[in-house]
Structure formats: C-alpha cells, structure tokens
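One structure below.
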Amino acid sequence: MANVVSKNEIADLFNEMMHQMDMLEETMSNSLKIEREEMEGVMKDQINRLHVTLDEVEKVMNEQQMIKISSAKAVDFRANAYPAL
C-alpha cells in the first residue's frame with residue numbers, strides 16, 4: 001500500500017499543473033502580442049516606404065507629362081518660313 005496517494009497530494013499536483021498551464025498560456029499570449037506589435041511595425045514601415053515610392057512615381061509622371069505637353073506645343077518652323085517662289 002506504499003503506492004497509495006492521498007487526495008491532498010492529487011489536488012496539489014492538479015493545482016500545480018493548472019498553474020503551469022496558466023503560466024504557459026500567459027507566456028504564449030505575451031509572445032503573440034510582441035510578435036503582432038513587431039509585425040505591425042514592419043507593416044507600417046513598408047506602407048511609409050510605399051507612400052514615398054508612390055510620391056516619387058507621381059513626381060516623375062508629372063514631369064513626363066510636362067515634357068510631353070511642352071513638346072506638343074513646339075513651334076512649327078514651317079509656319080514662319082518664306083514661301084518658295
């Protein structure tokens with residue numbers, strides 16, 4: 001009968017196991033929270049870089065449009081030429 005375990009020992013083991021499970025759950029929750037915050041930071045950085053890139057693309061496109069408009073208004077040199085007799 002040396003293998004008999006008292007109800008108190010079983011209750012203590014159960015309580016210890018539940019405490020360890022709570023600690024594990026809290027640790028996992030904190031890890032997920034930290035990971036989520038890191039991912040949010042990375043995503044915000046990528047979004048900011050994307051905005052800068054889009055601003056640069058818009059600037060280049062506007063410059064290209066201005067070049068196209070100014071070249072479309074080029075002077076027709078034949079309009080002011082003297083007629084050939």
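Remember, predicted model here, so these are calculated numbers, not experimental data. Computed over heavy atoms, backbone and side chain alike; hydrogens, waters and symmetry mates excluded.
With side-chain heavy atoms closer than 4.5 Å counting as contact, directly or through intermediates, the hydrophobic cluster containing Met61 also holds Val57. Side-chain heavy-atom separations under 4.5 angstrom define the hydrophobic clusters, and the remaining members of the one that includes Val5 are Ile10. Clustering of Ile, Leu, Val, Met, Phe, Trp and Tyr by side-chain heavy atoms under 4.5 Å joins Ile34 with none of the others.
Remark: Asn62 CG to Ile67 CD1 distance equals 11.0 Å, nearest 0.5 Å. We find the CE-CD distance between Met28 and Glu35 to be 11.0 Å, quoted to the nearest 0.5 Å. Between His51 atom NE2 and Arg49 atom CZ the span is 12.5 Å, to the nearest 0.5 Å.
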Got a list of side-chain donor-acceptor pairs under 3.5 Å for residues 37-48, not counting sequence neighbours?
| from | atom 1 | to | atom 2 | distance (Å) |
| --- | --- | --- | --- | --- |
| Asn48 | ND2 | Lys44 | O | 3.3 |

Output side-chain donor-acceptor pairs under 3.5 Å for residues 15-24, partner residues at least two apart or in another chain, one line each.
| from | atom 1 | to | atom 2 | distance (Å) |
| --- | --- | --- | --- | --- |
| Asn15 | ND2 | Ala11 | O | 3.2 |
| Glu16 | OE2 | Gln20 | NE2 | 3.1 |

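More than 12 heavy-atom neighbours from other residues, nucleotides or ligands sit within 6.0 angstrom of CD on Glu63.
Residues satisfying the side-chain contact (heavy atoms from CB on, under 4.5 Å) test with Val60, not counting sequence neighbours, are Gln64.
Judged by distance alone, the side chain of Ser29 and the main-chain N or O of Glu25 form no donor-acceptor pair under 3.5 Å.
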